[in-house]
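Letters A, B, ... mirror the listed sequences (proteins, then strands); counts begin at 1. Model, not experiment: these values are computed from the prediction.
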Number of protein chains: 2
Amino acid sequence: MIEYSGQPHYLVAVDCIVFGFDGEHLKILLVKRGLEPEINKWSLMGGFVGANESPDDAANRVLKKMTGLEGVYLEQMQIYGEPGRDPIERTLSVGYFALIDIHKYEAQLNDDYEAEWFLINDRPKLIFDHDQMVADARKKLRYKAALHPILFEMLPKKFTIPQLHILFEEVNDTKIDTRNFSRKITSTGLLIKLAEKDRTGSKKGAFYFKLDKKKYNANSQAFLNLMPNLKI
Amino acid sequence: MIEYSGQPHYLVAVDCIVFGFDGEHLKILLVKRGLEPEINKWSLMGGFVGANESPDDAANRVLKKMTGLEGVYLEQMQIYGEPGRDPIERTLSVGYFALIDIHKYEAQLNDDYEAEWFLINDRPKLIFDHDQMVADARKKLRYKAALHPILFEMLPKKFTIPQLHILFEEVNDTKIDTRNFSRKITSTGLLIKLAEKDRTGSKKGAFYFKLDKKKYNANSQAFLNLMPNLKI
DNA sequence: TCAAAAGTGTTGTCCCTACACCCATGT
DNA sequence: ACATGGGTGTAGGGACAACACTTTTGA
């Protein structure tokens, strides 16, 4: 019987930074931690990687369990593995960031967990190294969104250009010229204009668009330069 | 005494995809595996994460041990954690890619390990999921190198533009116009022209350059569009 | 009629690519 | 002299940012 004798074994967890957009501000979803230590403090959604699942599986399972949502946009970020990051026992955690449509979440809220949306810039202090994870996720989201059309994942199926515009400004924490933005985003060819208008925001109303799924899936790897004066 | 009772524990390893450049072709450094199972098969440089080190520490330690080199460019890629990826025992592995100056390596080769450079496109089959790791690393290297000035890490302190040019072509597996390339790369302002010329490649000789460390460190996060017709 | 937001037009600038051509030098 | 890479010049086109303007419609 072959074995890797004498090597230490560790717990492996996943933690998810869940981003949402309420139409005005970027938010993250936090939960009150249900186990010791630090019980009842705010933390990211997380859980241990089970014996028969990959970390990706685990992250999807955790999200399903805590939000009720499946098929969420989920991206592996990095591993957090400093020896002392969990005071009880050595635990390595794989950080993920998730993008969800906040309204979809509210529709099927799972009340078993005390979860709450917080403004990204006004959130409680989190346990362990979770604040670092949020900072890293924010940075990575910005980076990725500048080059790839992923922010659609935080909007409903039907959305308007002004909505998308505000979202881009929120994520990048900057002002973007509305006129150039709408042209740039439509010129990607990823949007399909619908006949219907959203009239809640203005008298004139803004046309709804939906994503061209086919082109979206084909182009999700392409570089798009979605941000003016691209700098990080 | 608080504990996370009943959760499974796993081995955690690191595996490094080490890239090098011999002046003509992109290569990777492989080792003959020294333990069962699959002993004497070719594999990536790897090792288990020790009790008092982070995965990043472990990757640096493994590289130091097997190549003798310190301060190597090392970047975390992703975690590989499918339940059955190691047939002996569940092991999660953090993949890293490393860029090293192949000549520096040869200068202080560690003969304790049977290590060998292989052409990236002509390498032996590797154990477990290491072939997948190499494919992922190649893709990530290409992606990153298109936007950030990291390929310098594979060249000596003094290098010529034609050398850099071939390296870019190798990494991206494409032809790049030499004339436009040299202008684009010098226009980044990251290079300092030296008085000396390399005359091994041509009669005229090509000027040596070195990296402007100060600007390099300041700009390593900037987007640079180093590849024409940027597509992935 | 007016305010307010949506969205189109316009223009100058800069960058990028393609390609021609000159440069330096060992043989 | 001439072959061989190294490197610069140049011109056309396209993208992009800046900003003016029109459109739509509820109040």
Checking contacts here: which listed nucleotide (dC19(D), dG7(D), dT8(C)) is nearest the side-chain heavy atoms of Lys193(A)?
dT8(C)
Pair His103(A) and Phe159(A), ring centroids less than 6.0 Å apart
no
In whole angstrom, give the distance that lies between atom NZ of Lys203(B) and atom P of dC2(D).
14 Å
If every non-hydrogen atom of Leu30(A) is compared with every non-hydrogen atom of Trp42(A), which pair is closest and at what distance?
O-CZ3, 3.6 Å
Assess the pair His165(A) and Phe209(A): is the distance between their ring centroids shorter than 6.0 Å?
no
To the side chain of Arg183(A), which of dT17(C), dG7(C), dG9(C) is closest?
dG9(C)
Please report whether the ring centroid of Phe168(A) lies less than 6.0 Å from that of Phe181(A).
yes
Rounded to whole Å, how long is the line connecting atom CZ of Phe181(A) with atom C1' of dT8(C)?
16 Å
Of all the nucleotides listed (dA5(C), dG7(D), dT8(C)), which has the minimum atom distance to the side chain of Ala206(B)?
dG7(D)
Taking atom types as they are modelled, is there a donor-acceptor pair under 3.5 Å from the base of dA6(C) to the side chain of Lys204(A)?
yes
Side-chain N or O of Lys184(A) less than 4.0 angstrom from OP1 or OP2 on dA17(D)?
yes
To the nearest angstrom, how far is Lys197(A) atom NZ from dT23(D) atom C1'?
9 Å
Which whole-number value in Å describes the distance from Asn180(B) CG to dC14(C) P?
19 Å
Atom pair distance, as rounded to whole Å: CG in Asp198(B) and P in dG5(D)
14 Å
Rounded to whole angstroms, how far apart are CD1 on Ile176(B) and P on dC19(C)?
16 Å
Between the side chains of Asp15(B) and Tyr80(B), is a donor N or O closer than 3.5 angstrom to an acceptor N or O?
no
From CD1 of Ile166(A) across to C1' of dA6(C) the rounded distance in Å is 12 Å
So does Arg199(A) get a side-chain nitrogen or oxygen closer than 4.0 Å to the phosphate oxygens (OP1/OP2) of dT25(D)?
yes
Could you check how far CG of Asp177(B) sits from P of dG9(D), rounded to whole Å?
16 Å
Among dT8(C), dC21(C), dC19(D), the nucleotide that comes nearest once only the side chain of Arg179(B) is considered
dC21(C)
